[in-house]
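Note: hydrogens, waters and symmetry copies are ignored here, and every other heavy atom, side chains too, is used. Treat the numbers as computed from the prediction; the structure is a model and nothing was measured.
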Amino acid sequence: AGNYAVSLLITDINGCQSSATETVIVSEAPVSNFIYDNSDCDTVYFTSTGYDPSGLNITSWYWDFGDPASGVNNVSTTQHPVHQYINGGVYEIMHVVTNESNCTDTIYQEITISKPQADFTFTSSCANEPINFTDASTATGDPVIAWNWDFNDGTSTTLSNPTHVYTSGGSYLVSLTVTTASGCESQIAHVVEVSYGPSTNFIYTNIHCTSDSIQFTDVSTGDVALSTWEWQFGDGSTSTSQHPKYAYANPGTYLVSLRVTDESGCYNDKTVDLEIYQSPDANFNWNIVNCDTTFFADFSNNNGTDLIAWHW
């Protein structure tokens, strides 16, 4: 910087000469600098402290906040701008000042935004089954100390990693708000699809005696495809067939249950009391009295029940 006498001597083809001298004033480059206040969580107040050592005026300011997620708001030409950051983290700020001689200076400086970024994960979701929600929030230099969950079914909790049971299927917009030690907040919401699970049901043949093979028929329905069937016949025997047949060896009352599971892993049970009756023991005798005449006599054991029909 300073004043410089610059001379020019020219000569033409005839040897004639001419000279000129001008004083060139070279200005010092401006000095870019800034301060900031980031005490308001995600909003930062920037103040340009750039100046010109030669006393020239600063005529323009340019800022790049290092936050491309903020779109067109990532840059500013205001002398003292305010910027709101989308996420917490470390950002590099670029600040350029220009003086009236169109000279520029650039400075880069890192700042830390302590705004938390709320997030969470959850396990597969079935009605009437526990769903585990896990906090996955992040924060830079300012730990999360409080959680507020809204399960969108009229219930909430302040646990960090709660478990919740939905009593019916459907879509639930679950939100989580986290708060850091300095009081900064962040909120996020995810749609949790809760499966209704299968509607488990079955039918069986009307006559069920110890001598009969009983046909059990699954008539369950579901909002997704059914995948497995687990039968308990109440006497220690089981089956994984969808429509099994089963014969009981002894009379009595048996607790028959069916658990149906769908492709999403959701299941429901159906249980009924099934009465098994002792079958009678058929037997008879006969007597041929003459040639073509025979008398038949029923000697069946009714096993404690009334016999009501005979078919010869």
Side-chain angles (χ1 to χ4, degrees), residues 121-134 151 153 155 157 159 161-172 174 190-284 299-311:
T121 60
F122 51 92
T123 55
S124 60
S125 43
C126 305
N128 299 309
E129 290 296 318
I131 303 173
N132 296 320
F133 291 88
T134 303
F151 296 114
D153 63 350
T155 63
T157 184
L159 296 175
N161 299 297
T163 297
H164 186 65
V165 175
Y166 288 96
T167 57
S168 63
S171 297
Y172 297 88
V174 178
H190 292 307
V191 175
V192 177
E193 297 290 346
V194 179
S195 173
Y196 288 89
S199 177
T200 302
N201 198 10
F202 62 90
I203 58 176
Y204 48 88
T205 48
N206 290 330
I207 298 176
H208 24 90
C209 306
T210 53
S211 61
D212 299 323
S213 180
I214 302 173
Q215 175 67 63
F216 293 91
T217 303
D218 169 53
V219 291
S220 305
T221 58
D223 52 350
V224 297
L226 307 181
S227 58
T228 64
W229 296 262
E230 299 172 60
W231 296 86
Q232 302 270 350
F233 296 115
D235 63 351
S237 298
T238 62
S239 175
T240 56
S241 299
Q242 184 178 7
H243 309 298
K245 287 184 177 181
Y246 187 69
Y248 286 89
N250 300 304
T253 301
Y254 295 90
L255 206 61
V256 180
S257 66
L258 169 63
R259 170 171 292 184
V260 177
T261 304
D262 62 24
E263 288 185 343
S264 64
C266 300
Y267 63 85
N268 274 309
D269 299 333
K270 172 70 178 289
T271 301
V272 300
D273 288 326
L274 179 62
E275 184 73 26
I276 300 298
Y277 302 104
Q278 176 67 57
S279 297
D281 296 321
N283 195 12
F284 65 92
F299 282 93
S300 300
N301 182 2
N302 64 9
N303 287 322
T305 62
D306 295 328
L307 300 180
I308 59 172
W310 295 259
H311 183 76

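Inter-residue side-chain proximity for K270 and V260 is flagged as unmet; no heavy-atom pair is nearer than 4.5 Å. Side chains of F216 and L274 form a contact here, defined as non-hydrogen atoms less than 4.5 Å apart. Between H190 and V174, the closest side-chain pair of non-hydrogen atoms is not below 4.5 Å.
Closest of all the heavy-atom pairs between F233 and T238 is CE1-C, 3.9 Å. Across all their heavy atoms, P162 and F151 have their closest contact at CG-CZ, 3.9 Å. Counting all heavy atoms, side chain and backbone alike, P198 lies closest to L226 at CB-CD2, 3.6 Å. Between L258 and T200, the shortest heavy-atom distance links the atoms O-CG2, 3.5 Å. Nearest heavy-atom pair across S264 and S195 is OG-OG, 3.8 Å. Contact record, D153 with T155: OD1-OG1, 2.5 Å, taken as the closest heavy-atom pair.
Here the CD atom belonging to Q278 is positioned 9.0 Å from the SG atom belonging to C209, to the nearest 0.5 angstrom. In this structure, D269 CG and S257 OG are separated by 6.5 Å, a value rounded to the nearest 0.5 Å. Atom OG1 of T271 is separated from atom CD of Q232 by 9.5 Å, given to the nearest 0.5 angstrom. The OG atom of S125 sits 7.5 Å away from atom CZ of F133, with the distance rounded to the nearest 0.5 Å. The OG atom of S237 lies 8.0 Å from the OH atom of Y248; values are rounded to the nearest 0.5 Å. One finds the OG atom of S220 at 9.0 Å from the CG atom of N268 (value rounded to the nearest 0.5 Å).
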Worked verdict on I276 versus T210 for side-chain contact (heavy atoms from CB on, under 4.5 Å): CA-CA 6 Å; I276 300 298; T210 53; 3.9 Å; yes
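With ring centers used as reference points, Y246 lies 6.0 Å or more from W231.
In the model, E193 has a side-chain atom that pairs as donor or acceptor with a side-chain atom of S171 under 3.5 Å. Residues N132 and T163 bring a donor and an acceptor atom of their side chains to less than 3.5 Å of each other.
Under a 3.5 Å cut-off, the side chain of Q215 and the backbone N or O of P244 do form a donor-acceptor pair. The backbone N or O of T121 sits nowhere less than 3.5 Å from a side-chain atom of T134 that would complete a donor-acceptor pair. With hydrogens and angles ignored, the 3.5 Å screen pairs a side-chain donor or acceptor of H243 with a backbone N or O of D218.
Screening I214, T217, V256 against Y204 for a side-chain contact (heavy atoms from CB on, under 4.5 Å) leaves a single residue, I214.
Remark: Y196 engages no residue in a ring-ring contact (aromatic ring centres under 6.0 Å, His included) (not counting sequence neighbours).
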